[in-house]
Participant: 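Okay, here's the structure, questions in a sec.
So you know, we letter chains A, B, ... as the sequences are listed, proteins then strands, and number each from 1.
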There are 2 protein chains.
Amino acid sequence: MTARPKAQPGKRTNDPEGLRKRVLDVAEASFQARGYHASSLGDLMAAAGVTGGALHHHFPTKKALALAVIEERVAAAVEATWIAPVQAAGSTREGVRSVFEAVAAELEQQGFVRGCPLNNLAHELSLADPDFRTALAGIFSAWRQAIADKVGADQQAGREQDTDPQRFAALAVATYSGAMSMAKTTQDSAVLRDCLNALEQGVSSARAKRRRRVLRQYKAF
Amino acid sequence: MTARPKAQPGKRTNDPEGLRKRVLDVAEASFQARGYHASSLGDLMAAAGVTGGALHHHFPTKKALALAVIEERVAAAVEATWIAPVQAAGSTREGVRSVFEAVAAELEQQGFVRGCPLNNLAHELSLADPDFRTALAGIFSAWRQAIADKVGADQQAGREQDTDPQRFAALAVATYSGAMSMAKTTQDSAVLRDCLNALEQGVSSARAKRRRRVLRQYKAF
DNA sequence: TTATAAACAGACCGGTTGTCCTGTTTTGTC
DNA sequence: GACAAAACAGGACAACCGGTCTGTTTATAA
């Protein structure tokens, strides 16, 4: 009865990749639901079924863990939720609409709004540490650029001629971010549809504006 | 040498209102810059020059302090920054434009983006506590309603006939919130102007759309 | 097998946090 | 001036946090 080797002696199996994934899963969920500062490493260890030694082996500090969550998980979430669907869509407008509707539908099905992972962490960590801010800003930049590129592709196809790609991309990202912020606070996803409709009314009427302008040019000749 | 009455004996002056104001000032600034969880009461006490007993007398818990900051300071900031200027403006569009430009100019002058007080706290606290969420949601609601009412006033003056007040208000609030989020993360206020320009292009061309529609009606006759 | 490093376990520690508590001083009221 | 309540001072404390440390087990390669 000198040394008690845990429950069963000698039944451990090293699985560094699996353990790392488990930790990231738990951290991503907890950061999303409770935020960075409100998530203690003790809670994460318990939720992931991981000891302190193992956690420290993979992520030396809490900051390193958060940085991994941002770079691997949050960036991937933005890529999967926004960038890929927009790129795959027939047009920027269709892409934006499909994302808004998909997210709204998902929120309504869940009945609970956790908010945008990127914006959640961005608000809490952007001013806390330059490394956090840089990582988060990079994701925002990629997100916005993907939409701007899509507008550019539309324009090369003869559409959206009087839409400024960068400006529209900023508007789309900002509208979604802000709508998710309101949806999270009010716990009501309806604001997403309101914003989408208002956004589309403006964008679609931009086409009308262009037609009228072209019409005037023809008249002028 | 039994009891040592601080530095100078008997030179205290009670100033409950002033002390309370000082605490709220410091808390508002710290919550804005570092967030709720990252702001310790010890830091706030030191910054405000207040002892633990005095702080506890006015704000029994940290939550009570945060609730006071939200209800008294954040709500007032939204009122002063957004609601009052929009109500005072000649039109909704002018009001929104003036607010965006005023904030952008202020940020450029400061050279630093701290973000929107309401959104900062909303992201961190909405899911943390129902009382927080309710208080924050109320501010969002008042903000949005003020803009919607202004659109309604425009419509009674014969303008913005095909603009949905609630939808446009949601879009304006969301765009600003999201733009501030990006500006904070990138530490660049330019995105505010991008969003404003994109927003105005959409909104102003909505007028064009209506004119065209009216024109068609006349042609039809 | 044996050497070697990676992977993991688990206790430990200094510092911090929010809150509470007791006591003292000031203020208002009769 | 007496008295009660409000305002304030400041220490104490238990819980918790993140990080470190030592030691053990597992995998890898020679």
Participant: From C:dC8, D:dC8, C:dG18, pick the nucleotide closest to the side chain of B:Leu41?
Facilitator: C:dG18
Participant: Count the heavy atoms belonging to other residues, nucleotides or ligands that lie under 6.0 Å from CD of A:Gln110, then report whether that count exceeds 12.
Facilitator: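 Check passes, neighbour count above 12.
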Participant: Round to a whole Å and report the spacing from NE2 of B:His37 to C1' of C:dT16.
Facilitator: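 Between C1' of C:dT16 and NE2 of B:His37: 15 Å.
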Participant: In whole Å, what is the span from the CG atom of A:Leu44 to the C1' atom of D:dC16?
Facilitator: 14 Å
Participant: Quick one, which residues of residues 46-66 of chain A touch DNA chain D with a heavy atom under 4.0 Å?
Facilitator: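 Of all residues in residues 46-66 of chain A, the ones placing a heavy atom under 4.0 Å from DNA chain D are A:His56, A:Thr61, A:Lys62.
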Participant: May I have the distance from A:Met45 (atom CE) to C:dA9 (atom C1'), rounded to whole angstrom?
Facilitator: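 Taking CE of A:Met45 and C1' of C:dA9, I get 10 Å after rounding.
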Participant: For B:Ala183 versus B:Ser189, what's the shortest heavy-atom pair and its separation?
Facilitator: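 Taking B:Ala183 first and B:Ser189 second, the nearest heavy atoms are CB-CA, 4.3 Å.
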Participant: May I have the distance from A:Asn14 (atom CG) to D:dA27 (atom P), rounded to whole angstrom?
Facilitator: 5 Å
Participant: Kindly indicate whether the side chain of B:Arg12 and the base of C:dT26 share any N or O donor-acceptor pair separated by less than 3.5 Å?
Facilitator: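 Under the 3.5 Å cut-off, the side chain and the base do not form any donor-acceptor pair.
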Participant: Could you check whether A:Lys62 makes a cation-pi contact with A:Tyr36, meaning its NZ or CZ is under 6.0 Å from the centre of the six-membered ring and within 45° of the ring axis?
Facilitator: yes
Participant: Is the B:His37-A:His37 ring centre distance short of 6.0 angstrom?
Facilitator: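 Ring-ring flag for B:His37/A:His37: false, centres at least 6.0 Å apart.
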Participant: Shortest non-hydrogen contact from A:Val151 to A:Pro165?
Facilitator: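 Nearest heavy atoms, A:Val151 then A:Pro165: CG1-CA, 3.8 Å.
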Participant: Distance check needed: C:dA6 P versus A:Glu17 CD, whole Å only.
Facilitator: 15 Å
Participant: Using the side-chain contact (heavy atoms from CB on, under 4.5 Å) definition, which of the options A:Leu196, A:Thr175, A:Asp194, A:Val191 pairs with B:Leu171?
Facilitator: A:Thr175
Participant: Send over the distance from B:Leu19 CG to C:dT27 C1', rounded to a whole Å.
Facilitator: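 Going from CG in B:Leu19 over to C1' in C:dT27 covers 15 Å.
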Participant: Would you mind telling me which of C:dG18, C:dC8, D:dC17 lies closest to the side-chain atoms of A:Ser40?
Facilitator: D:dC17
Participant: Mind calculating the distance between CZ (B:Arg22) and C1' (D:dA7) to the nearest angstrom?
Facilitator: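 That distance rounds to 13 Å.
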